[in-house]
Peer 1: 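Following this message is one structure expressed as structure tokens.
Numbers here are sequence positions counted from 1.
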Amino acid sequence: MRAPKGARLLEIDWSDGSTTYYRHRVLRGFCPCAICQGHSGAIDFVDVPEGEGLELVDIAEAGQYALRLGWGDGHRTGIYSFGYLRDLASLYDLSEDEARAHTFPRP
């Protein structure tokens with residue numbers, strides 16, 4: 001994984017040899033936690049203002065199935081399963097408006 005300080009991009013090299021890219025705005029916007037999404041069956045984009053909320057400051061493993069991402073504004077409750085991260089990777093080549101229009105089932 002690479003998430004250079006000050007950058008707004010996370011890169012993950014997977015064991016199958018593929019590399020995926022994630023804009024921080026998309027990762028934070030599709031945070032799967034109950035604080036961001038409530039308890040509905042779908043994950044929708046939640047807008048986060050530019051600034052500390054989009055600064056990725058911590059990446060930690062959550063078991064052997066997911067990552068917990070920590071953001072500069074203190075938000076750290078999102079657990080992103082590896083399968084969900086693979087799904088989010090499909091948004092990288094889309095415009096921000098196109099990405100925002102997506103909805104994902106809860107992982």
Side-chain angles (χ1 to χ4, degrees):
M1 281 178 274
R2 289 176 298 285
K5 185 174 175 99
R8 292 286 194 247
L9 188 70
L10 169 68
E11 301 174 35
I12 298 177
D13 295 326
W14 298 92
S15 61
D16 66 3
S18 65
T19 300
T20 52
Y21 304 91
Y22 307 87
R23 292 185 306 267
H24 288 187
R25 179 167 294 287
V26 168
L27 285 172
R28 181 63 189 274
F30 284 105
C31 178
C33 80
I35 293 169
C36 294
Q37 300 295 329
H39 295 285
S40 70
I43 299 174
D44 296 308
F45 188 88
V46 176
D47 199 20
V48 176
E50 194 66 42
E52 289 181 348
L54 298 179
E55 181 185 352
L56 187 56
V57 296
D58 187 47
I59 302 171
E61 291 183 22
Q64 294 183 348
Y65 70 96
L67 297 176
R68 180 184 307 268
L69 302 182
W71 301 95
D73 63 357
H75 185 73
R76 288 173 166 67
T77 56
I79 296 176
Y80 297 72
S81 72
F82 295 132
Y84 182 53
L85 285 166
R86 290 281 194 154
D87 290 342
L88 286 175
S90 67
L91 303 179
Y92 180 71
D93 290 327
L94 301 179
S95 71
E96 187 173 322
D97 287 338
E98 291 171 322
R100 287 171 180 258
H102 276 72
T103 297
F104 294 93
R106 270 205 190 277

Peer 1: Side chains of T19 and R2: donor-acceptor distance under 3.5 Å anywhere?
Peer 2: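 Note: T19 and R2 side chains miss the donor-acceptor criterion.
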Peer 1: Starting from the C-alpha separation in whole Å, work towards a yes-or-no answer on ring-ring contact (aromatic ring centres under 6.0 Å, His included) for F45 and F30.
Peer 2: CA-CA 5 Å; F45 188 88; F30 284 105; 5.4 Å; yes
Peer 1: Decide, yes or no, whether a salt bridge links D47 with R25 under the criterion of side-chain N to carboxylate O below 4.0 Å.
Peer 2: yes
Peer 1: Y22: which residues meet the ring pair (Phe, Tyr, Trp, His ring centres under 6.0 Å) condition with it, sequence neighbours left out?
Peer 2: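 With neighbours one apart ignored, the set is empty.
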Peer 1: Look at E50 together with R8 and state whether they make a salt bridge at an N to O cut-off of under 4.0 Å.
Peer 2: yes
Peer 1: Identify the two heavy atoms, one from I59 and one from A3, that lie closest to each other, and give their separation to 0.1 Å.
Peer 2: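 That closest heavy-atom pairing would be CD1-CB, 4.1 Å.
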Peer 1: Is there a donor-acceptor contact under 3.5 Å from the side chain of R106 to the main chain of P32?
Peer 2: yes
Peer 1: Give the intermediate values and the outcome of side-chain contact (heavy atoms from CB on, under 4.5 Å) for residues L67 and M1.
Peer 2: CA-CA 11 Å; L67 297 176; M1 281 178 274; 3.5 Å; yes
Peer 1: Start with the C-alpha gap between V46 and Q37, add the side-chain angles, then the distance that decides, and say whether side-chain contact (heavy atoms from CB on, under 4.5 Å) holds.
Peer 2: CA-CA 8 Å; V46 176; Q37 300 295 329; 3.6 Å; yes
Peer 1: Taking atom types as modelled, find out whether D97 and S95 have a side-chain donor-acceptor pair closer than 3.5 angstrom.
Peer 2: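 There is no such pair between these side chains.
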Peer 1: If the plane angle is over 60° it's perpendicular, under 30° parallel, otherwise tilted; pick one for Y92 and Y21.
Peer 2: tilted
Peer 1: Which is it for L85 and I12 under the side-chain contact (heavy atoms from CB on, under 4.5 Å) test, yes or no, and what are the steps along the way?
Peer 2: CA-CA 9 Å; L85 285 166; I12 298 177; 4.1 Å; yes
